[in-house]
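The structure presented is a predicted model; accordingly, all values stated were derived computationally and were not measured. Just so it is clear, the values below take in all heavy atoms, side chains as well, and ignore hydrogens, waters and symmetry mates. Just so you know, ligand 1 is whichever comes first in the structure, and atom 1 is the first atom listed for that ligand. Position 1 is the first residue of the sequence, and the numbers go up from there.
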Amino acid sequence: MDPVVTKVLNVRVSDVDNDILNVTWDWGDGSPTETNTTGPALIAIRVYNEHMWDPEIEQGTGGFNVSYTLRVTVDDGHGNYAWVNTTVTCVIPDNFGPSSDLEGPSSPVTPTESVILVAKANDFEGEPLTWTFVFNDTMSDFLTLVYYTPASDPATWVWNNITHVFGSEGLFNVTLFVSDALGLNQTGLHNTSDRASVWVAENQPPMNTQIFSIPQDPVINCTEGHVDVTLIIEVYDSEGDVITAVWGFGDGSPAATNSTPGGAFVYTFRQLHMFTGPGEFNVTANLTDGVPGNEVVEFLILNITSNNLPPGVVLFSYAAHGAPGNLHVFVGEDVTFEILLTDAEMDDIELVVDFGDGSPPSYYNLTEYSDGNVSCQENHTYSAPGYYTIMIRYTDNEVGLLDHSLEYSDTIHVVVDDVPPTADAGDDQVVYAPCTVYFDGTGSLDNWGIANYTWTFVYNGSPVVLWGSTPSFEFWSLQTYHVWLTVTDMSGYSDSTIVTIEVAGFIPEYLPALPALIVMVLVPLLHIVRRKKGVI
Ligand SMILES: [Ca+2]
Ligand SMILES: [Ca+2]
Ligand SMILES: [Ca+2]
Ligand SMILES: [Ca+2]
């Protein structure tokens, strides 16, 4: 029979003397006996009683029987007894052991970290539970913690989480025993166990691969003037911490940052960056998992090249005197120099011209291209004779193929003009008034050049001065004129000569009526006739 259930029992008694009978019940479980008294019992009487057997059952036990001996005694008050014994069996139902679960942290923890161990258990009967946590450092058990929880609703989960600071690095195993029983009964299914491993280590700084770039050897696109480079680094963190990477590109641009959501162990960081010029760039990645002292720096020397071509001199020229191989300019001569340069990318060209005579160099920044060239002109005057080296330094300020800082030089020979000019005023002339006479000094010579022609004579008592190589003058007065020509060269040397103009007489009466053009033609003709006759 089940425990804790009241059972109704009966017994049939009789007495041949028709006495009153006492029926005494001894329940066999230590509880007080009970006595029923009947009336005269010649005829059998059924006597009823009820009793509850309540065997004491330890928690966490079951699946067995508890038996009692029920003894019913009848007496008639005259010393006559009769009794009967009956075995009462209480069936104790099965008791189920609890199920339990223990969860530790899924990733490594630090020695100073307060680690939560999540413990839960479920007992079918909802009995009070004993929780025993046994800590083991793989060598031996070093700590046992025992907790108790009261009875709960049957078959419901009960939690008994604990925290622990391990204090040192290592692998630790924590075993949780949960029992619904007590004492020696805490065994077998009534003392379930579950285990969690906890890896305790100082937080490790991130580990990383070297930075590498795509492309590996970037080349500036000369048309676009830049190159896009993808920089890649792989980072590993043993705790799966959030990793932050701060990138420096070594080109003066602001830093860029990558970060991860954490939880993974290997990350790949990528940064796309535009480099706008060639050179050697120190690319850095500062990595940290946020734990002080766990900062790591990786760097890459990125060599970015360019195919930019250097500029070149197309033309350097100035006007010189003399025969090829013996060209020269003169002291004091205002010489015009012309320089023409080209550049494949039409980059701005910086130019320094040093005339080699101690005068300050001239600086140019040439930007206006025409037909693919830039040019400049400069006039310069040397003040002393000698050989001078004209040095032209030029660059497009780019880095690329070949050397972009270039020089061009030329030697210029500067001489003193020590040759005076030779004046030639042309042939003497005989003309008929009125007449415009054309002077001709073009036969004058100088090694450099005539700077000045001055013609002087006296006409009608007044001095006349004419300038130029071929001036003219209209003569009306009949006379022989002595005209002086003085030529002066660039250096101030001079020479003089004289030409005679004889205004011989008036031309025939009709001549003044002729158009002036005919007169103008006629005079040189007469002049030629005179030369052929050998007058001069
Ligand atoms: Ca149980
Ligand atoms: Ca870490
Ligand atoms: Ca260039
Ligand atoms: Ca001269």
Side-chain angles (χ1 to χ4, degrees), residues 57-64 92-100 105 107-113 121-131 149-158 169 177-182 185-192 199-208 235-245 259-260 262-267 287-296 321-322 328-333 385 414-424 444-453 486-495:
I57 306 164
E58 287 191 56
Q59 69 180 69
T61 62
F64 53 87
I92 310 302
D94 285 340
N95 185 295
F96 299 95
S99 55
S100 64
S107 56
V109 297
T110 65
T112 56
E113 199 170 333
N122 184 318
D123 185 63
F124 184 75
E125 294 81 15
E127 291 170 289
L129 299 174
T130 303
W131 310 67
T149 53
S152 66
D153 290 337
T156 57
W157 286 102
V158 177
E169 294 190 312
F177 297 92
V178 177
S179 180
D180 58 354
L182 295 169
N185 289 326
Q186 291 183 343
T187 184
L189 293 175
H190 290 275
N191 197 25
T192 60
W199 179 250
V200 182
E202 295 289 356
N203 192 298
Q204 298 299 307
M207 292 185 287
N208 56 273
V235 183
Y236 167 82
D237 189 79
S238 55
E239 293 82 21
D241 294 326
V242 172
I243 306 292
T244 302
S259 63
T260 65
F265 293 95
V266 179
Y267 304 109
L287 308 164
T288 180
D289 60 2
V291 176
N294 280 1
E295 296 82 11
V296 181
H321 309 277
H328 55 267
V329 300
F330 292 105
V331 170
E333 183 177 358
V414 182
V415 300
V416 172
D417 177 18
D418 55 359
V419 179
T422 306
D424 182 343
S444 304
L445 295 174
D446 188 70
N447 60 332
W448 173 358
I450 306 292
N452 184 270
Y453 298 81
T486 300
V487 294
T488 309
D489 71 5
M490 305 264 201
S491 300
Y493 296 113
S494 63
D495 184 37

Counting only protein N, O or S atoms (no waters) closer than 3.0 Å to the Ca ion (ligand 2) gives 7
Name of the Asp180 N, O or S atom nearest the Ca ion (ligand 1)?
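Result for Asp180 and the Ca ion (ligand 1): OD2.
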Name of the Glu127 atom (N/O/S only) found closest to the Ca ion (ligand 1)
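Nearest to the Ca ion (ligand 1) within Glu127's N, O and S set: OE1.
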With the Ca ion (ligand 1) as the apex, the OD1/OE1 angle for Asp123 and Glu125 - to 10°:
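It comes to 90°.
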Restricting to under 3.0 Å, identify the protein N, O or S atoms around the Ca ion (ligand 4) as residue plus atom.
Asp417 OD1, Asp417 OD2, Val419 O, Asp446 OD1, Asp446 OD2, Asn447 OD1, Asp489 OD2
If every non-hydrogen atom of [X] is compared with every non-hydrogen atom of [Y], which pair is closest and at what distance?
X: Pro205; Y: Asp289; result: CA-OD2, 4.0 Å
X: Pro98; Y: Asp123; result: N-OD1, 3.6 Å
X: Asp417; Y: Tyr493; result: O-CE1, 2.8 Å
X: Thr486; Y: Ser494; result: CG2-CB, 4.1 Å
X: Ile243; Y: Asp237; result: CD1-CB, 3.6 Å
X: Val487; Y: Ser444; result: CG1-OG, 3.6 Å

Using a distance-only test with no angle check, is there a side-chain donor-acceptor pair under 3.5 angstrom linking Ser100 and Thr192?
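Side-chain D/A pair, Ser100 to Thr192: present.
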I'd like to check Glu202 versus Pro111 (side-chain heavy atoms, cut-off strictly below 4.5 Å). Are they in contact?
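Yes - at least one pair of side-chain heavy atoms lies under 4.5 Å apart.
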Which label fits Trp448 and Phe330: parallel for a plane angle under 30°, tilted from 30 to 60°, or perpendicular past 60°?
parallel
Give a yes or no answer on whether the side chain of His190 reaches the backbone of Gly60 with a donor-acceptor pair at less than 3.5 Å.
yes
Please report the C-alpha distance between Asn294 and Asp241 in whole Å, then the side-chain angles of each, then the deciding distance to 0.1 Å, and finally whether the side-chain contact (heavy atoms from CB on, under 4.5 Å) criterion is met.
CA-CA 11 Å; Asn294 280 1; Asp241 294 326; 5.6 Å; no
Below 3.0 Å, can you find an N, O or S atom of Phe96 next to the Ca ion (ligand 1)?
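Yes - counting backbone and side chain alike, Phe96 has an N, O or S atom under 3.0 Å.
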The Ca ion (ligand 1) to nearest N/O/S of Asn95 below 3.0 Å
yes
Among Glu58, Glu127, Gln59, which one satisfies side-chain hydrogen bond (donor to acceptor under 3.5 Å, both in side chains) with Asn95?
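With Asn95 as partner, side-chain hydrogen bond (donor to acceptor under 3.5 Å, both in side chains) holds for just one option, Glu127.
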